[in-house]
There are 2 protein chains.
Amino acid sequence: VSALLLIAHGSRLASSNDEIRTLTGNLRQISSPFQLVECAFLEIAQPSICEGLRNLIANGAPTILVLPYFLSAGRHVTNDIPAEIAKIQLESPGVEIKIAPYFGATPLIEQILMQQAIAGYVKNSSN
Amino acid sequence: VSALLLIAHGSRLASSNDEIRTLTGNLRQISSPFQLVECAFLEIAQPSICEGLRNLIANGAPTILVLPYFLSAGRHVTNDIPAEIAKIQLESPGVEIKIAPYFGATPLIEQILMQQAIAGYVKNSSN
């Protein structure tokens, strides 16, 4: 059993956290090597990163890939998320927890941003 | 002259703000209808949104598309960015300033996230 845990920041706006839950549900529909796909939040919303990891471990995942859904490598990505993971790694040394590069690290971002900008430009120009 | 202004949150980590400036430089290299491509920051880093918009207007842009580089529609996207834009719109009523959907609204996100997760999974499995 392999698990994917998407980590988002967490917001005071419930709708914003629900966006992440919807995104996670959509990820679950994509064919992948992950039998379990869940999300967790660094702050404010539930489950926390520790709760998210413990739930996956309780559901029998010996391998967990954590993917930080963040745009830049700020302190949350470089320090806070690894610190939470380290706690659970100490608690469950037999589980393999790995961290994927944060979302903003993908080189596809520029192409997508420009596609979005051009779509916005065309839409506004035709009004 | 059409301009694109990418809006990021702004971080206390200089390297994080520099990531945005590099991204903006890369966007400038992509063929597009935008003669000017700049970035601005909601908080902490410079230029601010107001400064960024004023600079583009001073450089002769009668049309500006603002693209919020945010993952979810939190208060920054729904309130704070539009409020900054409204100030400049009042100041320069002849300039057309439009807001594109925020980055996280693109339906491509799920595919990209899953590609990243699978790449992370394969890399870890082969170690």
Side-chain angles (χ1 to χ4, degrees), chain A residues 2 4-6 8-9 11-13 15-20 23-24 26-27 29-34 37 63 65-67 69-78 96 98-125 127, chain B residues 2 4-6 8-9 11-13 15-20 23-24 26-27 29-34 37 63 65-67 69-78 96 98-125 127:
Chain A
S2 284
L4 174 63
L5 187 66
L6 187 71
H9 185 281
S11 168
R12 282 182 185 81
L13 268 188
S15 58
S16 210
N17 301 323
D18 285 341
E19 274 188 73
I20 302 298
L23 172 63
T24 305
N26 292 342
L27 287 176
Q29 306 307 314
I30 301 176
S31 164
S32 84
F34 305 102
V37 178
T63 315
L65 183 71
V66 172
L67 201 165
Y69 188 48
F70 283 72
L71 287 178
S72 66
R75 294 217 170 92
H76 292 324
V77 167
T78 57
E96 187 185 41
K98 298 281 186 180
I99 312 185
Y102 64 99
F103 177 60
T106 172
L108 294 170
I109 295 237
E110 283 137 28
Q111 299 297 331
I112 300 162
L113 268 175
M114 192 50 90
Q115 276 181 36
Q116 267 187 292
I118 292 171
Y121 174 83
V122 170
K123 178 161 169 280
N124 289 320
S125 300
N127 282 347
Chain B
S2 284
L4 173 63
L5 188 66
L6 187 72
H9 185 280
S11 168
R12 283 184 184 80
L13 268 189
S15 59
S16 209
N17 300 323
D18 286 341
E19 273 189 73
I20 302 298
L23 172 63
T24 305
N26 293 342
L27 288 177
Q29 307 306 315
I30 301 176
S31 165
S32 84
F34 305 102
V37 177
T63 316
L65 182 71
V66 172
L67 202 166
Y69 188 48
F70 284 73
L71 287 177
S72 67
R75 293 215 172 95
H76 292 323
V77 166
T78 56
E96 188 185 40
K98 298 280 184 180
I99 313 185
Y102 64 100
F103 177 60
T106 172
L108 294 169
I109 296 237
E110 284 137 28
Q111 299 296 333
I112 299 161
L113 270 175
M114 192 49 92
Q115 276 180 36
Q116 269 187 292
I118 292 171
Y121 175 83
V122 170
K123 178 164 171 278
N124 290 319
S125 300
N127 282 346

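Keep in mind that the numbers below use all heavy atoms, side chains included, and drop hydrogens, waters and symmetry copies. The chains referred to below are lettered A, B, ... by the order of the sequence lines, with proteins before strands, and numbering in each begins at 1. Source: prediction; values computed, not measured.
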What part of Phe70(A) lies closer than 4.5 angstrom to a heavy atom of chain B: side chain, backbone, both or neither?
backbone
Tell me, out of Thr63(B), Val66(B), Ile112(B), who's got the most heavy-atom pairs with chain A below 4.5 Å.
Ile112(B)
Report the distance from atom OG of Ser16(B) to atom CZ of Arg75(A), rounding to the nearest 0.5 Å.
9.5 Å
Heavy-atom side-chain contact between Phe103(A) and Leu71(B) under 4.5 Å:
yes
So for Ser2(A), is it side chain, backbone, both, or neither that comes closer than 4.5 Å to the heavy atoms of chain B?
side chain
Compare all side-chain heavy atoms of Leu4(B) with those of Met114(A) and state whether any distance is below 4.5 angstrom.
yes
Is the closest side-chain heavy-atom distance between Leu23(B) and Leu113(A) below 4.5 Å?
yes
Would the distance check show the side chain of Gln116(B) and the main-chain N or O of Tyr102(A) forming a donor-acceptor pair, the cut-off being under 3.5 Å?
yes
Most heavy-atom pairs under 4.5 Å with chain A, out of Ser15(B), Ser11(B), Ala73(B), Ala8(B), belong to Ala73(B)
Name the region of Gln115(A), side chain, backbone, both or neither, that has any atom closer than 4.5 Å to a heavy atom of chain B.
side chain
For chain B, which of Pro33(A), Ser32(A), Pro101(A) has the most heavy-atom pairs under 4.5 Å?
Pro33(A)
Residue Ile20(A) versus chain B: region with a heavy atom under 4.5 Å:
neither
Output the option from Leu13(A), Leu6(A), Thr24(A) having the highest count of non-hydrogen pairs under 4.5 Å with chain B.
Leu13(A)
Below 4.5 Å from any heavy atom of chain B, which atoms of Glu110(A) appear? Answer side chain, backbone, both or neither.
both
All heavy atoms of Leu65(A) vs all of Tyr121(B), minimum pair found to be CD2-N, 3.8 Å
Is Ile118(A) in contact with chain B via its backbone, its side chain, both, or neither, using a 4.5 Å heavy-atom distance?
both
